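Step one of this worksheet: look at the structure below.
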Amino acid sequence: MRVLQNLLLNAIHHSPENQAVLIGYGEFTAGSLTITVSDQGPGIPPHMQSAIFDKFVQVEHRGAARKSSAGLGLAFCKLAVEAHGGRIWVESDGCSGSLFHIDLPLGL
């Protein structure tokens, strides 16, 4: 629940006002559940997409007001998801929005 809450709050935080934040689910592979949170924010550059799950790493966007964050939310998400035998990753073109995916094994 905390992982999903964090991803949703990040999506709301990084999306322009009055833009949709979507959540979906499905089966990524047999025996696993994938939950996806998508936003319409500035996106995450490809070279940062794995690093954002490390402690204290944040993506800086030009022209964006500095927001207070310790850079620990996605690191926590990664630790929690992996502790349950799953994985977390992001897809983004680096310009318009991001898709965060959580893949968790069923039957735990």
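Bear in mind the structure is a predicted one, so any value in this text is a computation, not a measurement.
Annotation: the span from L106 atom CG to S32 atom OG amounts to 6.5 Å, rounded to 0.5 Å. A distance of 11.0 Å separates NE2 of H13 from CG of N6, quoted to the nearest 0.5 Å. Atom CG of L7 and atom CZ of R2 lie 12.0 Å apart (nearest 0.5 Å). For the atom pair CD (Q19) and CG (D39), the distance works out to 10.5 Å, reported to the nearest 0.5 Å. Here the CD1-CG distance, from I88 to L79, works out to 10.5 Å after rounding to the nearest 0.5 Å.
A distance-only check finds no donor-acceptor pair linking the side chain of D103 to the backbone of G86 [under 3.5 Å].
No path of Ile, Leu, Val, Met, Phe, Trp and Tyr side chains, each step under 4.5 Å between heavy atoms, connects V3 with L22, placing them in separate hydrophobic clusters. Hydrophobic clustering of Ile, Leu, Val, Met, Phe, Trp and Tyr side chains at less than 4.5 Å, counting indirect connections, unites V90 with F76.
With sequence neighbours excluded, the residues satisfying side-chain hydrogen bond (donor to acceptor under 3.5 Å, both in side chains) with D93 are S96. With sequence neighbours left out, A75 forms a side-chain contact (heavy atoms from CB on, under 4.5 Å) with K55. Here L4 pairs with L8, I23, I35, V37 under the side-chain contact (heavy atoms from CB on, under 4.5 Å) rule; sequence neighbours left out. When the side-chain contact (heavy atoms from CB on, under 4.5 Å) test is applied to E91, the partners found at least two apart in sequence or on another chain are W89, L99, H101. Evaluation of the side-chain hydrogen bond (donor to acceptor under 3.5 Å, both in side chains) rule for S38 yields no partner, not counting sequence neighbours.
Here the shortest heavy-atom pairing between P105 and G85 reads CD-O, 3.5 Å. Between S15 and Q40 the shortest heavy-atom distance is OG-N, 3.1 Å.
With a 4.5 Å cut-off on side-chain heavy atoms, L74 and F100 count as touching. T36 has its side chain out of reach of Y25: every pair of non-hydrogen atoms, C-beta onward, lies at least 4.5 Å apart.
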Identify each donor-acceptor pair in which a side-chain atom of residues 42-54 lies under 3.5 Å from a protein atom, sequence neighbours left out, and give them as a table.
{"unit_1": "Q49", "atom_1": "NE2", "unit_2": "I44", "atom_2": "O", "d": "2.9"}
{"unit_1": "Q49", "atom_1": "NE2", "unit_2": "S92", "atom_2": "O", "d": "2.8"}

